[in-house]
Peer 1: 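Can you keep this structure in mind? I'll have questions shortly.
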There are 2 protein chains.
Amino acid sequence: MIEELQTADGENGRPFSTEQELVQRFHVSRAPVRQALKELADEGYVYRERAKGTFPVQELPVRPPGLELGGLVGFLRDQGLDCTSKIVDTDRVLPTENLCAILGLKPGDHVLKISRLILLAEKPLVWAQSYLSVSEDFQPNKRELERVDSVFLLLGSEQGIVISRGDHQIYASGANREEAELLGIKNGDPVLVIETKLYTRNNRLIGWRRAVHRADEYKFSFTANR
Amino acid sequence: MIEELQTADGENGRPFSTEQELVQRFHVSRAPVRQALKELADEGYVYRERAKGTFPVQELPVRPPGLELGGLVGFLRDQGLDCTSKIVDTDRVLPTENLCAILGLKPGDHVLKISRLILLAEKPLVWAQSYLSVSEDFQPNKRELERVDSVFLLLGSEQGIVISRGDHQIYASGANREEAELLGIKNGDPVLVIETKLYTRNNRLIGWRRAVHRADEYKFSFTANR
DNA sequence: CAGTGGTCTAGACCACGTA
DNA sequence: ACGTGGTCTAGACCACTGT
């Protein structure tokens with residue numbers, strides 16, 4: 001029902017449309033109409049006011065990127081940008097003490113490390129390192145990883161593990177030597193760091209990700225409602 | 001109904017609770033139960049799988065801050081932190097050319113400028129400048145602004161204007177002279193900048209905000225589902 | 001197969017703005 | 001007084017998962 005409503009409301013567009021009208025127009029009961037309107041409201045296409053009505057939100061030109069987990073390359077490419085990614089390194093490694101603490105691992109546990117450089121027009125944009133606490137038989141090679149552009153998709157299809165939530169920390173910092181070298185900037189230049197704890201649907205902490213972004217030319221955009 | 005469910009599900013807690021059980025336990029029909037469960041799922045307290053059941057998400061200790069619009073001081077204070085704010089400056093001003101373009105203003109229109117410094121334990125943490133395209137009769141003084149900790153609350157109570165959405169851009173940069181001075185850091189030190197376009201419920205672009213955060217000691221945290 | 005959540009019907013009453 | 005969205009009742013059928 002929601003799909004029909006989206007198109008239909010796009011057509012007649014601006015003025016408004018009450019639940020009653022939609023019930024009659026689509027010959028359905030009130031429940032699906034309400035659900036559809038609820039979803040449209042949640043997504044920011046309309047806003048609703050009790051006793052007043054439902055009003056379309058005007059001129060939302062493009063849907064903002066939002067905060068996808070591990071879909072940056074695909075997103076940028078969808079925008080028509082020349083975005084590629086290159087696996088710097090991937091291996092099963094012993095986590096550092098710090099990482100053990102974050103992920104609650106025992107010393108001796110191994111994690112899958114994936115270090116990836118995302119390039120925009122051949123120029124380094126982001127250096128992302130993911131550490132995943134997953135079974136040993138999930139060890140994709142470089143070629144596979146570069147093909148899918150995100151480990152998380154592979155995790156879903158091969159292991160049935162869905163990353164459903166991320167706790168993000170964003171901060172600015174100065175690039176250290178390694179970061180500067182990979183990103184092609186100078187030591188101490190400002191960088192934007194996003195660190196994310198990754199959770200599955202049942203809230204199991206399954207990994208951690210650290211993404212270092214070039215400060216110039218990169219702005220991280222998203223929309224927050226409410 | 002949702003409130004009862006939250007407490008009730010907190011009690012019996014871990015195992016699970018089907019819609020049917022809740023219907024019987026609370027002597028209500030399925031609709032409100034479903035709505036309540038939907039909300040709990042949206043907020044990340046439970047996750048639901050078709051034909052399997054509803055499962056509580058384990059150990060969500062504190063609700064993450066999220067991206068409140070203009071509630072930072074209050075939020076930090078709620079955490080028990082010594083957070084205060086100081087109005088650096090407030091006035092009706094002529095927007096710069098750049099700001100005119102962003103807000104779609106005509107030259108000659110005035111905007112309300114509010115420059116505020118947020119301090120954590122007496123030390124500068126964030127410098128936030130808000131520019132609001134609002135009626136002339138809304139001109140709160142410094143005292144009022146410092147009392148409420150956010151212009152947005154005043155906007156709601158005095159003008160009935162609700163800020164319901166923000167388009168954020170986050171990036172790292174080096175502090176310029178003015179920023180460095182206000183934040184007590186050195187010129188060129190990394191800072192985290194959050195620029196936000198502010199929208200009302202009917203999607204009218206009503207203002208713009210630029211917040212410059214000290215890079216050290218400050219991490220911007222939030223949670224993204226899906 | 002029985003049980004789950006996802007969707008739907010066809011009603012009902014309420015709180016709240018607008019006129 | 002009327003129309004709006006918010007909430008609720010009491011049913012129904014379906015797709016899917018587990019046994």
Side-chain angles (χ1 to χ4, degrees), chain A residues 1-9 12-58 156-157 159-162 164-165 200-203 225-226, chain B residues 1-9 12-57 156-162 164-165 200-203 225-226:
Chain A
M1 157 99 245
I2 173 73
E3 312 79 17
E4 314 163 35
L5 238 188
Q6 278 174 338
T7 64
D9 245 314
N12 86 335
R14 279 82 62 200
F16 61 91
S17 25
T18 71
E19 296 184 357
Q20 192 59 21
E21 285 173 10
L22 295 169
V23 163
Q24 289 163 6
R25 175 135 60 102
F26 290 98
H27 307 290
V28 294
S29 69
R30 216 182 140 199
V33 166
R34 279 188 58 74
Q35 181 180 333
L37 288 176
K38 174 80 161 47
E39 288 178 35
L40 289 180
D42 287 345
E43 290 162 20
Y45 291 104
V46 302
Y47 69 102
R48 318 192 71 196
E49 286 189 81
R50 178 193 212 126
K52 288 188 178 176
T54 301
F55 307 94
V57 157
Q58 290 144 22
S157 59
Q159 302 279 307
I161 296 175
V162 181
S164 74
R165 190 167 66 83
T200 60
R201 275 198 294 198
N202 62 350
N203 211 35
N225 294 301
R226 214 172 351 158
Chain B
M1 157 101 247
I2 174 74
E3 312 79 16
E4 315 164 34
L5 238 189
Q6 278 175 338
T7 64
D9 244 313
N12 85 337
R14 277 83 63 201
F16 61 90
S17 26
T18 72
E19 297 184 358
Q20 190 59 20
E21 285 173 10
L22 295 169
V23 163
Q24 289 163 6
R25 175 136 59 103
F26 290 98
H27 307 289
V28 293
S29 69
R30 219 184 137 197
V33 167
R34 279 189 56 74
Q35 180 180 334
L37 289 176
K38 173 81 161 47
E39 288 178 36
L40 289 179
D42 287 345
E43 291 162 21
Y45 291 104
V46 303
Y47 69 102
R48 318 192 71 196
E49 286 189 82
R50 181 194 206 118
K52 288 188 178 174
T54 300
F55 307 93
V57 156
S157 58
E158 296 197 5
Q159 302 278 307
I161 296 175
V162 181
S164 75
R165 191 167 65 85
T200 60
R201 274 199 293 198
N202 62 351
N203 213 36
N225 294 301
R226 214 173 349 158

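Reminder, nothing fancy here: chain letters follow the sequence lines and each chain counts from 1.
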Peer 1: Got a sec, which residues hit side chain to side chain donor-acceptor pair (under 3.5 Å) with A:R30, two or more places apart in sequence or on another chain?
Peer 2: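 If we apply the side chain to side chain donor-acceptor pair (under 3.5 Å) test to A:R30, skipping adjacent residues, the hits are A:E19.
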Peer 1: Can you measure from CG (B:D42) to CG (A:D42) and round to the nearest 0.5 angstrom?
Peer 2: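 The distance works out to 6.5 Å.
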Peer 1: Measuring from atom CG of A:L22 to atom CG of A:L37, what distance do you get when rounded to the nearest 0.5 angstrom?
Peer 2: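 Interatomic distance, A:L22 CG to A:L37 CG, rounded to 0.5 Å: 6.0 Å.
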Peer 1: For A:L37 and D:dG5, give me the distance from atom CG to atom P, rounded to whole Å.
Peer 2: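 That distance rounds to 8 Å.
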Peer 1: Nearest 0.5 Å, please: how far is OH in B:Y47 from NZ in B:K52?
Peer 2: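 Going from NZ on B:K52 over to OH on B:Y47, the span is 8.0 Å.
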Peer 1: So, is A:R34 near the phosphate of D:dG6, with a side-chain N or O under 4.0 Å from OP1 or OP2?
Peer 2: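 The answer is yes; a side-chain N or O of A:R34 sits under 4.0 Å from OP1 or OP2.
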Peer 1: Please name the pair of heavy atoms, one in B:V28 and one in B:V23, separated by the smallest distance, quoted to 0.1 Å.
Peer 2: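 Looking at all heavy atoms of both residues, the closest pair is O-CG1, 3.0 Å.
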Peer 1: Between the protein and nucleotides 10-13 of chain C, list every N/O to N/O distance that falls short of 3.5 Å.
Peer 2:
{"unit_1": "C:dA12", "atom_1": "N6", "unit_2": "A:R30", "atom_2": "NH1", "d": "2.9"}

Peer 1: Got a second to check how far A:Q35's CD is from B:R34's CZ, nearest 0.5 Å?
Peer 2: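 If we round to the nearest 0.5 Å, A:Q35:CD and B:R34:CZ are 7.5 Å apart.
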Peer 1: Among the nucleotides C:dG5, C:dC8, D:dG5, which one has an atom lying closest to any side-chain atom of B:T54?
Peer 2: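 Minimum distance to the B:T54 side chain belongs to C:dG5.
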Peer 1: For nucleotides 14-18 of chain D, print each protein N/O atom paired with a nucleotide N/O atom at under 3.5 Å, atom names and distance only.
Peer 2:
{"unit_1": "D:dA15", "atom_1": "O4'", "unit_2": "B:R50", "atom_2": "NH2", "d": "3.3"}

Peer 1: Whole angstroms only, please: what is the NE2-C1' distance between B:H27 and D:dT9?
Peer 2: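 Spelled out: NE2 on B:H27 to C1' on D:dT9 is 15 Å.
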Peer 1: Does A:Q35 make a side-chain N or O approach to OP1 or OP2 of C:dT7 shorter than 4.0 Å?
Peer 2: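 Looking at the OP1 and OP2 atoms of C:dT7, one of them is under 4.0 Å from a side-chain N or O of A:Q35.
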Peer 1: Rounding to a whole Å, what distance do you find between A:F26:CZ and C:dC8:P?
Peer 2: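 In whole Å, C:dC8 P lies 12 Å from A:F26 CZ.
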Peer 1: How close or far is atom P of D:dT9 from atom CD of B:E19, stated in whole angstroms?
Peer 2: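 After rounding, the reported distance stands at 14 Å.
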Peer 1: Take the protein atom CD of A:E49 and the nucleotide atom P of D:dG6, then report the distance between them rounded to whole Å.
Peer 2: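 In whole Å, D:dG6 P lies 10 Å from A:E49 CD.
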Peer 1: Can you check the A:Y47 OH to C:dG17 C1' distance for me, whole Å?
Peer 2: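 Taking atom C1' of C:dG17 as the reference, OH of A:Y47 is at 14 Å.
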